[in-house]
**Student:** 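Pasting a structure here, questions to come.
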Amino acid sequence: MKKTEVTDFQKKVYRFTKRIPMGRVTTYALLAGAIGCGSCRAVGQALKRNPFAPRVPCHRVISSDLTVGGFEGSSKGLSISRKKVLLRREGVYFRAGRLADSDRIYRF
DNA sequence: GAGTCATTCGTTG
DNA sequence: CAACGAATGACTC
């Protein structure tokens with residue numbers, strides 16, 4: 001078994017993700033840009049492997065198109081549904097699979 | 001070392 | 001307007 005080694009990149013991702021206040025969301029591209037990385041996929045990967053599962057609110061990270069994007073390794077299915085419900089409980093409402101208010105996006 | 005990924009952008013039909 | 005492919009950076013096996 002491998003040790004849960006968190007790379008510097010992941011550390012940044014989790015740090016920024018945890019920085020998101022309740023009732024607010026952010027996008028992969030925004031996170032990637034804030035970290036200093038040109039690819040948003042790397043951010044999603046870090047969240048998917050999320051070693052800090054309940055500690056890091058990965059459900060507060062959505063796609064830059066205001067879409068839910070993915071969750072728990074699936075861009076659709078029950079996982080995504082759960083993500084939407086989770087955000088809804090925090091005050092973030094979704095409409096047709098998209099964020100109802102783009103003003104809810106948290107800017108670093 | 002190769003494959004995979006929860007994305008994003010650009011071009012083509 | 002809609003769909004597909006290519007690009008990019010990092011992680012896991």
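Chain identifiers are assigned alphabetically (A, B, ...) following the order of the sequence lines, protein sequences preceding nucleic acid strands; residue numbering begins at 1 within each chain. For the numbers below, each heavy atom of this structure counts, side chains included, while hydrogens, waters and symmetry mates do not. Small disclaimer: the values here were computed from a predicted structure and weren't measured.
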**Student:** Run the numbers on A:Leu30 and A:Phe16 for side chain to side chain contact (heavy atoms under 4.5 Å, CB included), then give the verdict.
**Tutor:** CA-CA 10 Å; A:Leu30 199 70; A:Phe16 276 90; over 6 Å; no
**Student:** Going through the checks in order, is the side chain to side chain contact (heavy atoms under 4.5 Å, CB included) test met by A:Ile105 and A:Leu66?
**Tutor:** CA-CA 9 Å; A:Ile105 298 183; A:Leu66 305 186; 3.2 Å; yes
**Student:** Which distance, rounded to the nearest 0.5 Å, do you find between the OG1 of A:Thr7 and the CZ of A:Arg49?
**Tutor:** 12.5 Å
**Student:** Just wondering, do A:Arg104 and A:Tyr93 contact through their side chains at under 4.5 Å, heavy atoms?
**Tutor:** yes
**Student:** Between P on B:dA6 and OH on A:Tyr28, what's the gap in Å once rounded to a whole number?
**Tutor:**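 Distance, rounded to whole Å: 9 Å.
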**Student:** Please state how far atom NZ in A:Lys48 lies from atom P in C:dT12, giving the value in whole angstrom units.
**Tutor:**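 Result: 10 Å.
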**Student:** Rounded to the Å, how far apart are A:Gln10 CD and C:dT12 C1'?
**Tutor:** 11 Å
**Student:** If I take atom CG in residue A:Leu99 and atom P in nucleotide B:dA6, what distance separates them, rounded to the nearest angstrom?
**Tutor:** 21 Å
**Student:** How many Å lie between CG on A:Leu47 and P on C:dA10, as a whole number?
**Tutor:** 15 Å
**Student:** If I take atom CG in residue A:Asn50 and atom C1' in nucleotide C:dC11, what distance separates them, rounded to the nearest angstrom?
**Tutor:** 13 Å
**Student:** Same hydrophobic cluster for A:Phe9 and A:Leu31, using side-chain heavy-atom links shorter than 4.5 Å among ILVMFWY?
**Tutor:**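 Linked, A:Phe9 and A:Leu31 end up in one cluster.
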**Student:** Side chains of A:Ile62 and A:Lys83: does their closest heavy-atom pair fall under 4.5 Å?
**Tutor:**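 Yes, side chains in contact.
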**Student:** Would A:Tyr106 and A:Arg19 satisfy side chain to side chain contact (heavy atoms under 4.5 Å, CB included), going step by step from the backbone distance to the final call?
**Tutor:** CA-CA 10 Å; A:Tyr106 180 69; A:Arg19 204 169 154 164; 4.2 Å; yes
**Student:** Restricting both atoms to N or O, compile the protein contacts to nucleotides 5-9 of chain C shorter than 3.5 Å, with distance only.
**Tutor:**
from, atom 1, to, atom 2, distance (Å)
C:dA7, N6, A:Arg41, NH1, 3.0
C:dA7, N6, A:Arg41, NH2, 2.7
C:dG9, O4', A:Ser39, OG, 2.1
C:dG9, N2, A:Ala42, N, 3.1

**Student:** Let me know the distance between CZ of A:Arg49 and P of B:dA6, rounded to the nearest Å.
**Tutor:** 9 Å
**Student:** A:Thr27 near the nucleic acid: base, sugar-phosphate alone, or nothing, with a heavy-atom cut-off under 4.0 Å?
**Tutor:** nothing
**Student:** Evaluate A:Leu87 against A:Arg60 for side chain to side chain contact (heavy atoms under 4.5 Å, CB included), listing each step before the verdict.
**Tutor:** CA-CA 7 Å; A:Leu87 288 168; A:Arg60 278 186 201 155; 4.1 Å; yes
**Student:** Distance check: side-chain N/O of A:Thr7 vs OP1/OP2 of C:dA10, anything under 4.0 Å?
**Tutor:**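 Result: no.
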**Student:** Answer yes if A:Leu99 and A:Val85 sit in the same cluster of Ile, Leu, Val, Met, Phe, Trp and Tyr residues linked by side chain heavy atoms under 4.5 Å apart, and no otherwise.
**Tutor:** no
**Student:** Take the protein atom CZ of A:Arg60 and the nucleotide atom C1' of B:dA6, then report the distance between them rounded to whole Å.
**Tutor:** 17 Å
**Student:** Using Watson-Crick or G-U wobble pairs with both distances under 3.5 Å, give me DNA chain C in dot-bracket, 5' to 3', with [ ] for crossers and | for pairs to another strand.
**Tutor:** |||||||.|||||
